[in-house]
Structures are given as C-alpha cells and as structure tokens.
Amino acid sequence: MAQVLRVETGHAWLRVTDAGGGCGRCDEPGGCRSVQITQAFGLPKAEFVLPTALELRAGDKVVISIPDGAPLKAALASYGLGVVLLVAGAALGEVWSADGAGDLGAALGGLAGLLLAFALNRVLFRSRNWRAQLRMELAAQVVCLQSIAENQ
C-alpha cells in the first residue's frame, strides 16, 4: 500500500505506508528480529516515483502490484547467478591450476566467477526486456464490500 504525495506528467510520487515483512513478530518477545537485516546499511527509501495512467491526487491510496514470479526471477539473477558462477569458477580454477596451487587457482577462479556474475547482472539491469518483466504498476485502492459487512 502506498500514498500519493504528488502527481506530475504521468508520474506519481509515492510513500510506502504498509511495508510488509515476515511474520509480523519482529519486535515481540520470541520474534526472530530478522527484518533488522534489511536495515543493516540504513533504512530503505520509503518514497519513490512510478509511471501511471490513473487519475490520482495527493493523498490517494494506491496498491503497488508486480507480476507473479518477478521477485523470484530477480533473486535468482542477483544471488543465484553469483553463487553458481562462484562455485563453477572455483572448480574450474582448481582443475586448471598447476600442481600444488589448487587453493590459489580456486580462489582466483571463484573471484573471476563473481566478477562475471557482476558484469552479467549489470547487463541484465540495462536490458529493457528484463526490466519489463520486473515492472511495478499502480492500482487504485479498492474497498472490499465483504470485509466491510463482516466488520459490522
């Protein structure tokens, strides 16, 4: 859920008002506090801009939607590719290294794999087709009549 701050030329400036995460027991006794990992390098940005064709005004509530599977694709590209290339590079570096230098070859191969993953992720990020698969869209907040009837 987000609140519209302002709208200009087909773009809406938004502030996230409902940041989901985990089981919701982060700060309760017995909670794992795992959401604090996401704040290790500072608080996430709560305000950002998205294109929109909706007729919105400041103060409107909107829902931000993403395509099914987009978070998994992004995680696999970001983390999975790095892990696979790190392990593959380390294995190839160890196999191709001279006798007695297997550890150094594995370390250099692993580093080369990580650098290749970094380069491939940069190329993916610049790809319009890739970014289109991860697009976010806005939808006006819809009131569910059934939930209103249940609460009365």
Side-chain angles (χ1 to χ4, degrees), residues 1-93 106-152:
M1 183 86 58
Q3 182 176 14
V4 177
L5 299 175
R6 71 177 198 254
V7 179
E8 292 178 15
T9 61
H11 288 83
W13 276 256
L14 308 164
R15 175 182 291 131
V16 176
T17 57
D18 182 24
C23 67
R25 295 191 57 213
C26 298
D27 293 325
E28 293 179 12
C32 70
R33 301 189 188 279
S34 64
V35 80
Q36 291 177 350
I37 293 171
T38 64
Q39 299 172 3
F41 300 107
L43 294 173
K45 283 181 70 173
E47 296 180 8
F48 56 97
V49 180
L50 284 179
T52 185
L54 298 175
E55 293 292 328
L56 299 171
R57 290 178 288 140
D60 287 350
K61 301 278 188 185
V62 292
V63 176
I64 302 169
S65 67
I66 56 174
D68 287 338
L72 178 61
K73 287 179 185 179
L76 287 176
S78 299
Y79 301 110
L81 184 65
V83 169
V84 167
L85 290 178
L86 168 71
V87 172
L92 288 174
L108 293 175
L111 180 62
L114 282 178
L115 291 174
L116 179 60
F118 178 78
L120 288 174
N121 273 312
R122 299 280 296 189
V123 169
L124 272 177
F125 179 74
R126 291 183 177 146
S127 166
R128 285 185 184 176
N129 292 334
W130 176 253
R131 285 185 297 172
Q133 295 177 30
L134 306 176
R135 74 190 178 284
M136 292 189 283
E137 296 176 349
L138 295 179
Q141 180 182 6
V142 178
V143 177
C144 178
L145 297 177
Q146 182 178 358
S147 66
I148 292 173
E150 290 174 0
N151 290 331
Q152 291 181 351

If only atom types and distance count, is the side chain of Arg135 paired as donor or acceptor with the main-chain N or O of Ala132 below 3.5 Å? yes

Exercise: identify the closest heavy-atom pair between [X] and [Y]:
{"X": "Trp130", "Y": "Ala77", "result": "CZ2-CB, 3.7 Å"}
{"X": "Pro71", "Y": "Ile66", "result": "CG-CD1, 3.5 Å"}
{"X": "Ala70", "Y": "Leu134", "result": "O-CD2, 3.4 Å"}
{"X": "Ala58", "Y": "Leu5", "result": "CB-O, 3.2 Å"}
{"X": "Gly82", "Y": "Ala117", "result": "CA-CB, 3.6 Å"}

Could you state the interatomic distance from [atom1] ([X]) to [atom2] ([Y]), rounded to the nearest 0.5 Å?
{"X": "Trp13", "Y": "Thr52", "atom1": "CH2", "atom2": "OG1", "answer": "12.0 Å"}
{"X": "Arg131", "Y": "Met136", "atom1": "CZ", "atom2": "CE", "answer": "12.0 Å"}
{"X": "Leu111", "Y": "Leu85", "atom1": "CG", "atom2": "CG", "answer": "12.5 Å"}
{"X": "Leu138", "Y": "Leu50", "atom1": "CG", "atom2": "CG", "answer": "5.0 Å"}
{"X": "Leu124", "Y": "Asn129", "atom1": "CG", "atom2": "CG", "answer": "10.5 Å"}

Pairwise side-chain hydrogen bond (donor to acceptor under 3.5 Å, both in side chains) hits with a residue in residues 60-72, at least two apart: none

Counting only heavy atoms from other residues, nucleotides and ligands, does the tally under 6.0 Å from CD of Glu55 exceed 12? no

Counting C-beta onward and ignoring hydrogens, is there a side-chain heavy-atom pair between Val4 and Leu14 closer than 4.5 Å? yes

Mind checking whether Gln133 and Pro67 have side chains closer than 4.5 Å, heavy atoms only? no

Contacts of Ser78 that satisfy side chain to side chain contact (heavy atoms under 4.5 Å, CB included) - sequence neighbours left out: none

